[in-house]
Amino acid sequence: MPDQSFRTFLQNLEQQGQIVRFSKEVDPAENMAAIEWKTYNEMGKASLFTNLKGHKNWQATSQILTDRKKWAIGLGIDENNILDEISDRLKNTIKTVNVEPEDAPVQEEVFEGDDVNILDVPSMMVSEKDGGRYFASGMAIVKDPKTGIRNMSIHRQMILNERETGFIMLPRQAKRIYDMYAAERRGMPVAVVYGAHPAIFYGSGFTTTYGKEELEIAGSLLGEGVRMVKCKTVDIEVPAEAEMVLEGEILFDKMVPEGPFGEIPGTYAESTHANVFRVNCMTRRKDPIFYAVHCGYPTTDTQGTMALGVEIATKEHLKNVEGGLDLLDVRCHPSAGMMMVVLKIRPRVEGQTKTALMAALSGPFLHPKLAVAVDDDIDADDLRQVMWSMTTRVHAERDIVMIPNTRVFPLDNISPVVPGHDSFHRLGTKWMIDATKPAVTQGAARDQFERAMPRNFDHVDLDEFLP
């Protein structure tokens with residue numbers, strides 16, 4: 001039976017040199033966030049902590065899904081073909097499969113009622129001005145009370161005490177279901193899952209139509225149904241091979257102050273109020289590994305995960321533009337706080353690039369507010385090459401276009417909130433830059449816009465000459 005666990009993915013990362021194991025004592029409340037952030041941003045690697053101050057028998061990991069290489073390892077996909085392969089897999093969903101508790105490692109240990117203490121979990125204090133320690137990797141599974149259809153989504157949770165967290169809900173599907181329960185003045189049953197296979201984590205962040213189960217989307221990425229087990233105290237099923245599950249309810253009659261919180265653009269989301277999640281049961285493995293997601297200044301798992309979703313959706317969207325563009329790559333750059341997308345394109349006719357840029361800025365996601373197009377000789381993932389292309393191939397008067405008064409990403413703090421609305425409705429200016437080689441130039445030969453690369457650059461393998 002194929003493995004669907006989180007820990008096997010970590011073993012694969014370690015085997016391929018993509019993770020650093022820390023055996024010296026680390027404090028989740030003081031220095032773990034800085035260590036794992038520097039490990040990725042200075043070394044390009046994930047972190048695994050095996051000696052956590054105040055959290056005996058726990059391990060923690062972070063920065064495991066920050067780039068395409070790590071996602072490719074997690075999903076068993078060729079990194080060079082990751083966007084198209086994921087798109088192909090997502091064409092067909094696969095239903096979940098139920099298993100018995102004895103076949104569910106996530107229920108090896110069970111704590112109920114007053115035996116629950118979520119302070120035992122090695123959550124991080126991430127950004128300097130965060131309002132507290134957070135669970136940022138929780139995948140909440142809820143059910144429509146009328147149809148029983150499940151919904152799975154990721155929510156940030158500020159830890160309040162031994163049995164309660166905040167629970168931020170955007171005006172999306174989970175909030176729609178919560179409103180059904182609240183209208184009947186009862187709490188919404190929920191099971192929040194931590195530490196599951198990357199396919200399940202991807203599914204939980206996937207934007208789809210209401211009623212389409214994200215767990216079946218995860219199955220399409222796995223190539224088999226996600227194995228599920230019935231919770232102990234709520235009528236919900238959860239991935240059987242996860243690391244931890246918190247069972248409980250979102251209270252219908254209580255809100256608490258929440259935040260600030262270092263969010264995905266790398267700036268702070270302002271203090272607000274959140275619903276309250278009351279935990280009635282914790283199930284976990286005997287030797288659990290906590291997925292300590294870092295959300296804040298780039299580059300982190302949150303940007304790496306969201307970027308992949310934006311790239312796939314944008315590439316699919318652009319397939320319908322002009323009967324199909326010669327689009328070679330799409331990059332939503334995490335280092336730009338999720339608000340910049342780069343198209344690598346081979347334009348066939350004058351004006352086609354601007355059409356593609358407009359489509360990219362009006363795609364399924366609000367995140368991008370800057371779209372840049374580069375030619376087929378530029379690596380869209382290398383911002384040095386992108387910037388070079390912008391300085392040598394852009395005639396600003398002709399190639400930069402601004403589109404004011406458009407809806408932008410709700411966390412784009414520089415863009416003003418529409419009067420009378422909350423921060424989820426902002427108006428800003430989107431802009432696009434055509435940094436492809438001009439088809440027609442004013443008195444300049446086309447080859448003047450070619451890159452002046454070293455002789456035999458494409459044929460020299462540096463490893464052959466290194467000592």
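As a basis for the values below, the full set of heavy atoms in this structure was taken, side chains included, without hydrogen atoms, waters or symmetry mates. Position 1 is the first residue of the sequence, and the numbers go up from there.
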Inset, instruction - Could you walk me through whether Tyr291 and Phe201 pass ring pair (Phe, Tyr, Trp, His ring centres under 6.0 Å), step by step? - result: CA-CA 11 Å; Tyr291 183 17; Phe201 195 71; 5.4 Å; yes
Inset, instruction - For Gly166 and Ala274, work out which heavy atoms get closest and say how close. - result: CA-CB, 4.3 Å
Legend entry - SB check Glu237 Arg150 (cutoff 4.0 Å): yes
Legend entry - Cationic N near anionic O, under 4.0 Å, Glu450 to Lys437: yes
Legend entry - Point-to-point distance, once rounded to the nearest 0.5 Å, from CG of Leu222 to CG of Leu75: 8.0 Å
Inset, instruction - Flag yes if more than 12 heavy atoms outside Glu25 fall under 6.0 Å of its CD atom; otherwise flag no. - result: yes
Legend entry - Ile19 and Thr61, any side-chain heavy atoms less than 4.5 Å apart: yes
Inset, instruction - Test ring pair (Phe, Tyr, Trp, His ring centres under 6.0 Å) on Phe290 and Phe135 and set out the steps. - result: CA-CA 10 Å; Phe290 179 62; Phe135 294 152; 5.6 Å; yes
Legend entry - Gap separating the CE atom of Met390 from the CG atom of Leu383, nearest 0.5 angstrom: 9.5 Å
Inset, instruction - Check whether any side-chain heavy atom of Ser220 lies under 4.5 Å from a side-chain heavy atom of Asn92, and answer yes or no. - result: no
Legend entry - Lys/Arg-Asp/Glu bridge criterion (N-O < 4.0 Å) met for Glu79, Lys69: yes
Inset, instruction - Starting at OG1 of Thr300, measure out to NE2 of His294 and round the result to the nearest 0.5 Å. - result: 6.0 Å
Inset, instruction - May I ask you to say whether Glu14 pairs ionically with Arg21, meaning some side-chain N is under 4.0 Å from a carboxylate O? - result: yes
Legend entry - Stepwise salt bridge (Lys or Arg N to Asp or Glu O under 4.0 Å) check, Arg285 with Glu109: CA-CA 6 Å; Arg285 290 177 179 251; Glu109 293 196 344; over 6 Å; no
Inset, instruction - Measure across His155 and Ala140 and return the closest heavy-atom pair with its distance rounded to 0.1 Å. - result: CD2-CB, 3.7 Å
Legend entry - Side chain to side chain, Val97 and Val226, heavy atoms closer than 4.5 Å: no
Legend entry - Contact check, side chains of Pro28 and Pro122, non-hydrogen atoms, under 4.5 Å: yes
Inset, instruction - Check whether the side chains of Glu214 and Tyr202 place a donor and an acceptor atom closer than 3.5 Å, and report yes or no. - result: no
Inset, instruction - Look at atom NZ of Lys354 and say whether more than 12 heavy atoms of other residues, nucleotides or ligands are closer to it than 6.0 Å. - result: yes
Legend entry - Pair Asp379-Gln385, side chain to side chain donor-acceptor pair (under 3.5 Å): steps then yes or no: CA-CA 6 Å; Asp379 181 355; Gln385 294 189 39; 4.6 Å; no
Inset, instruction - Show your working on side chain to side chain contact (heavy atoms under 4.5 Å, CB included) between Arg331 and Val341 and close with a plain yes or no. - result: CA-CA 6 Å; Arg331 290 284 180 163; Val341 64; over 6 Å; no
Inset, instruction - Using only heavy-atom distances, determine whether the side chains of Thr165 and Gln157 contain a donor-acceptor pair under 3.5 Å. - result: yes
Inset, instruction - Using a 4.5 Å cut-off on heavy atoms from C-beta on, say whether the side chain of Leu366 contacts that of Arg407. - result: yes
Inset, instruction - Take atom NZ of Lys129 as the centre, draw a 6.0 Å sphere, and report whether it contains more than 12 heavy atoms from other residues, nucleotides or ligands. - result: no
Inset, instruction - I would like to know whether Val245 and Met282 meet side chain to side chain contact (heavy atoms under 4.5 Å, CB included); could you show each step before the answer? - result: CA-CA 6 Å; Val245 171; Met282 173 197 288; over 6 Å; no
Inset, instruction - Check Gly262 against Ser127 and note the closest heavy-atom contact, atom names and distance. - result: CA-OG, 4.0 Å
Legend entry - OH (Tyr297) with more than 12 external heavy atoms under 6.0 Å: no
Inset, instruction - Count the heavy atoms of every other residue, nucleotide or ligand shown that sit under 6.0 Å from CZ of Arg172, and state whether that count exceeds 12. - result: no
Legend entry - Crowding at CG, Leu170 (>12 non-hydrogen neighbours, <6.0 Å): yes
Legend entry - Neighbour count above 12 (heavy atom, 6.0 Å) for Trp388 CH2: yes
Legend entry - Test item: Ile82 and Asp78 side chains (from C-beta on) under 4.5 Å apart, heavy atoms: no
Inset, instruction - Output yes when a side-chain donor or acceptor of Asp67 lies under 3.5 Å from a complementary backbone atom of Lys70, and no otherwise. - result: yes
Inset, instruction - To the nearest 0.5 angstrom, please state how far the CE atom of Met338 sits from the OG1 atom of Thr305. - result: 9.0 Å
Legend entry - Lys/Arg-Asp/Glu bridge criterion (N-O < 4.0 Å) met for Arg68, Asp329: yes
Legend entry - Passing candidate, side-chain contact (heavy atoms from CB on, under 4.5 Å) with Tyr268, options Asp130, Leu411, Asn413: Asp130
Inset, instruction - Before accepting this row, confirm whether a basic side-chain N of the pair Arg156/Glu258 lies closer than 4.0 Å to the acidic partner's carboxylate O. - result: yes
Legend entry - Minimal non-hydrogen separation, Ser123 against Ile159, with atom names: OG-CD1, 3.1 Å
Legend entry - Stepwise side chain to side chain contact (heavy atoms under 4.5 Å, CB included) check, Val106 with Arg284: CA-CA 5 Å; Val106 75; Arg284 62 175 176 81; 5.7 Å; no
Legend entry - Basic-acidic side-chain contact under 4.0 Å: Arg384, Asp382: yes
Inset, instruction - Side-chain contact test, heavy atoms from C-beta onward, threshold under 4.5 Å: evaluate it for Thr353 versus Leu325 and give yes or no. - result: no
Inset, instruction - State whether Arg393 and Asp377 are salt-bridged, where the test is any N-O pair (Lys NZ or Arg NE/NH1/NH2 against Asp/Glu carboxylate O) under 4.0 Å. - result: yes
Inset, instruction - Of all the heavy-atom pairs spanning Glu243 and Asp287, show the shortest one and how long it is. - result: OE1-O, 4.3 Å
Legend entry - Euclidean distance, Asp375 CG relative to Thr436 OG1, rounded to 0.5 Å: 5.5 Å
Inset, instruction - Fit a plane to each ring of Phe49 and Phe22, take the angle between them on a 0 to 90° scale, and name the class: parallel (under 30°), tilted (30 to 60°) or perpendicular (over 60°). - result: parallel
Inset, instruction - Go through Ser415 and Asp412 one step at a time and tell me if the side chain to side chain donor-acceptor pair (under 3.5 Å) criterion holds. - result: CA-CA 6 Å; Ser415 298; Asp412 178 18; 2.7 Å; yes
Inset, instruction - Over all heavy atoms of both residues, which pair between Thr50 and Ser23 is shortest? Give the atoms and the distance, please. - result: OG1-CA, 3.5 Å
Inset, instruction - For Gln18 and Lys45, test the side chains for any donor-to-acceptor distance below 3.5 angstrom and give the result as yes or no. - result: no
Legend entry - Value rounded to 0.5 Å, distance of CG in Leu343 from CD in Glu311: 10.5 Å
Inset, instruction - Check whether any side-chain heavy atom of Arg89 sits under 4.5 Å from a side-chain heavy atom of Ile77, and report yes or no. - result: yes
Legend entry - Salt-bridge contact Lys344-Asp381 (side-chain N to carboxylate O under 4.0 Å): no
Legend entry - Matching residue for Gln63 among Leu48, Thr299, Val293, Asn41 - test: side-chain contact (heavy atoms from CB on, under 4.5 Å): Asn41
Legend entry - side chain to side chain contact (heavy atoms under 4.5 Å, CB included) between Tyr194 and Val192, worked out: CA-CA 7 Å; Tyr194 307 84; Val192 188; 3.2 Å; yes
Legend entry - Salt-bridge contact Glu216-Lys95 (side-chain N to carboxylate O under 4.0 Å): yes
